[in-house]
Each structure stands twice: as C-alpha cells, then as structure tokens.
Protein chains: 2
Amino acid sequence: MERELLLLGLLRAHGMHGYQLLEFVDTQMAFCVDLKKPTAYFLLDKMAAAGWISFEQGQEGNRPPRRVYHITPEGEVVFQRLLRENLASYAPTRFATDIGLAFADVLSKPESAHLLEQRRIAVQEQLTAAQNAPPHPGGVQLIIEHQIHHLMSELQWLNDVIKRMQIQIAGS
Amino acid sequence: MERELLLLGLLRAHGMHGYQLLEFVDTQMAFCVDLKKPTAYFLLDKMAAAGWISFEQGQEGNRPPRRVYHITPEGEVVFQRLLRENLASYAPTRFATDIGLAFADVLSKPESAHLLEQRRIAVQEQLTAAQNAPPHPGGVQLIIEHQIHHLMSELQWLNDVIKRMQIQIAGS
DNA sequence: TCATGAATAGTCAATACTGACTAATCAGTA
DNA sequence: TACTGATTAGTCAGTATTGACTATTCATGA
C-alpha cells in the first residue's frame with residue numbers, strides 16, 4: 001500500500017490531476033519510488049472507487065477537461081492508518097543484485113572481482129548523485145539522507161567483499 | 001531478469017521439477033527472493049519456450065507424472081551473460097518503508113518517534129534472525145552476510161533519526 | 001501563418017504476478 | 001481398512017503493471 005500512501009499524502013496538500021501527481025513523483029521522488037503513468041491512473045481509479053478520493057472535471061483555458069482529485073474524509077482516515085502502519089514496520093529489503101552473488105563462484109575469482117569493481121563504480125555514481133541532489137521539501141530530505149547512508153554502507157561492504165576475493169586470489 | 005538468473009543457476013546443478021525448485025528457494029533463499037508458485041511455473045514455461053531450458057516427463061513410483069527441467073546450452077550462455085550483467089551493475093534500492101518518512105511530520109514528533117521505535121524493534125528482530133541463520137551453501141552465505149551488514153546499517157540510521165527527533169521534542 | 005517539436009493528459013492491449021483452488025498420493029492411526 | 005491430515009504438483013481466474021500509442025495544446029521561429 002505504499003503507493004496509495006504516497007498519492008493520498010500528496011493529495012492532502014491540495015487537489016491535483018493525474019499528470020501533476022505523476023510529475024511531482026517523477027521529478028522529486030524518482031530515487032525512492034517507481035510509479036509509471038498507467039499504474040498511477042489505475043491506483044487513482046481504484047481509490048476513487050473505494051471512496052478514498054473524489055474528483056471533478058476541471059477545465060483550464062482551452063485545454064481538454066481533466067479530472068482533479070481530492071482526498072475525502074474517509075481517505076484521510078486511511079492515510080493516517082497507512083502512515084502509522086508504515087512508520088511502525090520494516091519490510092525486509094530484497095536486493096535484486098544479490099542473486100548474482102549466490103553464483104559468483106561460477107566465474108574465476110579475478111573476473112568476479114573485476115565485475116564487482118564495476119558494480120562499485122555504479123554505487124559510487126549513485127552516491128555522488130544523491131549527495132549532489134538539491135535540497136528537497138520537508139520529509140523527502142530525510143529519504144535522501146537515508147539513501148546516502150545506505151549507499152555508503154553498500155560501498156563499504158562491496159569494498160570488503162572485493163578485498164576478500166583479492167586476498168583469495170593472492171593466496172592461491 | 002534476476003529470477004531467470006536464479007532458476008537457471010539452480011538448474012545448472014542438476015535437473016529439477018518445478019516443485020523442487022520452489023522448495024529450495026522457499027527454504028534456503030526466502031530472505032532474499034520472493035518467488036510465488038504460479039510465477040515460478042510461468043517463468044519455467046517462458047524459458048522453455050525461449051529454449052533456455054528443456055524438460056521431459058518424469059515418473060517416480062505411483063506419483064503423477066511431472067516435468068523435469070534441464071538447462072540447455074543456450075540457457076547456459078544466457079546464464080553467463082545474466083550473471084556478468086548482474087555482478088557488474090547496481091540496481092538502486094527502493095525502500096518501501098521510506099515513503100512514510102516523507103509524511104512523518106503529519107504526526108506529532110513524540111508519536112513519530114514512538115512508531116519508529118517499533119520499527120527499530122522489527123529491524124532488530126530481522127537482524128537477530130539473520131545472525132542465527134544456520135550456515136547456507138556456497139554463495140548464499142555471502143547474501144546472508146550482506147543482509148546482516150545492511151540491517152546493522154539500518155539500525156544505526158534509525159537510531160540516529162529517532163535520537164534527532166527526541167532532541168527536537170526536548171528543545172520545543 | 002504555419003510547420004515543428006515539446007509539453008500535457010490520458011488510454012489500451014499485452015504482460016506479469018498472485019490468491020485461491022484442485023487433485024493425487026502418502027503416512028499415521030484407530 | 002478406512003479416515004485424517006500433511007505433502008506433492010500444478011492450474012486458473014482475477015489483479016497489477018507496463019510499453020506503446022493517441023490526441024490535444026502550446027511555444028518558436030522561418
């Protein structure tokens with residue numbers, strides 16, 4: 001339900017139409033949520049059907065009419081529940097890139113080490129990007145800090161694994 | 001493609017039927033992959049259609065016949081490609097539990113701090129479970145070590161955030 | 001003024017994933 | 001032996017997600 005939480009949270013600020021929501025998520029929160037356009041509209045439809053949000057046809061200038069969504073009182077109740085559930089829990093993190101590690105011994109140690117060095121560069125790049133991100137509004141800043149903390153931890157771990165592999169190479 | 005990588009990697013060891021694959025993933029790798037039964041059969045069908053794996057009807061005792069899957073030479077080529085791609089790259093991690101942070105200021109600081117303390121307990125429990133996991137075969141052990149490293153880093157960060165909130169409460 | 005490309009706003013068919021179900025066999029036991 | 005619950009093996013209908021597409025408006029500059 002984290003995307004529902006996100007959309008409800010954004011709509012609490014003020015009514016928005018689908019594209020506006022999408023744009024905000026894409027530009028301000030791309031690093032922590034992946035929300036595609038059809039998924040967003042699907043979720044909006046679903047939440048409207050559930051009565052968590054309402055919408056009216058809005059017209060602006062000559063543009064084609066569009067749905068402007070608002071959070072309903074029931075939606076606000078759901079938002080608060082989802083928020084509390086979210087803050088109190090921790091969903092175990094699955095790293096997609098971990099599966100390769102299970103089979104790293106299929107390749108030679110030097111090749112594995114070399115490939116993981118490329119991975120290290122990728123992590124380093126993401127870290128630099130996060131550190132150079134312009135300040136974001138309110139709580140989003142907290143998420144960026146989390147990302148930075150996490151990426152630094154990943155870098156440290158990767159360095160450790162690579163070092164261990166190199167010792168094994170030297171010792172063989 | 002990380003699930004394809006996983007299934008191919010497991011089938012490299014020896015031919016297996018769907019249920020066997022599922023069972024291994026469920027018992028040995030549940031903490032790092034989430035693979036539901038219908039998804040597994042779906043992927044096996046798809047990979048068989050692509051020629052990455054083959055199967056024959058196997059019979060054992062009086063049990064109903066079942067498909068025993070084997071990796072093909074083309075499948076081995078794909079496996080090696082996917083493995084190298086996986087090791088060399090780093091998919092940015094999205095933490096589902098981060099979204100709540102963006103809206104934490106909706107609640108009072110004491111309540112937020114209290115909820116995050118519950119989250120800390122959840123993280124701590126997962127850490128203890130990972131630390132007490134029996135030794136796993138080969139590369140899977142590496143993934144467990146990664147999880148432990150990550151959970152310790154999460155704990156440290158959470159402690160820091162909670163502490164900051166408590167200072168803000170005291171100072172207000 | 002009238003192409004041209006970017007921005008706006010959204011839809012749709014196809015793919016991927018899951019919860020809930022079926023159905024057979026086996027192991028234990030009353 | 002006949003019943004019960006666990007294990008094995010898989011399917012299917014419904015839900016979720018996505019890539020690719022449509023269609024309008026706006027800005028611009030030749």
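Remember, predicted model here, so these are calculated numbers, not experimental data. Protein chains get the first letters and strands the later ones, always in sequence-line order, with residue 1 at the start of each.
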Whether A:His146 and B:Trp157 hold their rings parallel, tilted or perpendicular, with breakpoints at 30° and 60°
parallel
Is atom CE of B:Met152 surrounded by more than 12 heavy atoms (other residues, nucleotides or ligands) closer than 6.0 Å?
no
Interface residues of residues 18-25 of chain A with DNA chain C (non-hydrogen, below 4.0 angstrom)
A:Gly18, A:Tyr19, A:Glu23
A:His17 has an atom NE2; how far is it from atom P of C:dA7, in whole Å?
16 Å
Spacing of B:Leu43 atom CG relative to C:dT18 atom P, expressed in whole Å
10 Å
Does B:Arg3 make a side-chain N or O approach to OP1 or OP2 of C:dA16 shorter than 4.0 Å?
no
Give a yes/no on whether any side-chain N or O of A:Thr39 is located under 4.0 angstrom from OP1 or OP2 of D:dT18.
yes
Taking OH from A:Tyr41 and C1' from D:dC21, how many angstroms apart are they, rounded to a whole number?
14 Å
With a 6.0 Å cut-off on ring centres, are A:His150 and B:Phe95 close enough?
yes
Find the distance B:Phe55:CZ to D:dG10:P and express it as a whole number of Å.
11 Å
Is a donor from one side chain sitting under 3.5 angstrom from an acceptor on the other, for B:Glu85 and B:Gln80?
no
In terms of the nearest nucleotide of DNA chain D, which residue is placed more toward the 5' end: A:Asp34 or A:Lys37?
A:Asp34
Residue whose closest nucleotide on DNA chain C lies nearer the 5' end, B:Lys36 versus B:Lys46:
B:Lys46
Separation of A:Met1 atom CE from D:dT15 atom P, in whole Å?
15 Å
Could you tell me the separation between the CG atom of B:Leu44 and the P atom of C:dC17, rounded to a whole number of Å?
13 Å
Assess the residue pair A:Arg84 and B:Glu111 against the criterion (side-chain contact (heavy atoms from CB on, under 4.5 Å)); give the C-alpha distance rounded to whole Å, side-chain angles, the decisive distance to 0.1 Å, and a yes or no.
CA-CA 9 Å; A:Arg84 289 188 170 90; B:Glu111 182 173 11; 2.4 Å; yes
Rounded to whole Å, please give me the gap between CG in A:Asp26 and P in C:dT8.
12 Å
For A:Leu35 and D:dT18, give me the distance from atom CG to atom P, rounded to whole Å.
8 Å
Are A:Ile53 and A:His70 side-chain neighbours, meaning at least one heavy-atom pair lies under 4.5 Å?
no
Within 45° cone of A:Tyr90 ring axis and under 6.0 Å: B:Arg119 NZ or CZ
no
Counting side-chain heavy atoms from CB outward, which of D:dG10, D:dT17, C:dT11 is closest to A:Pro38?
C:dT11
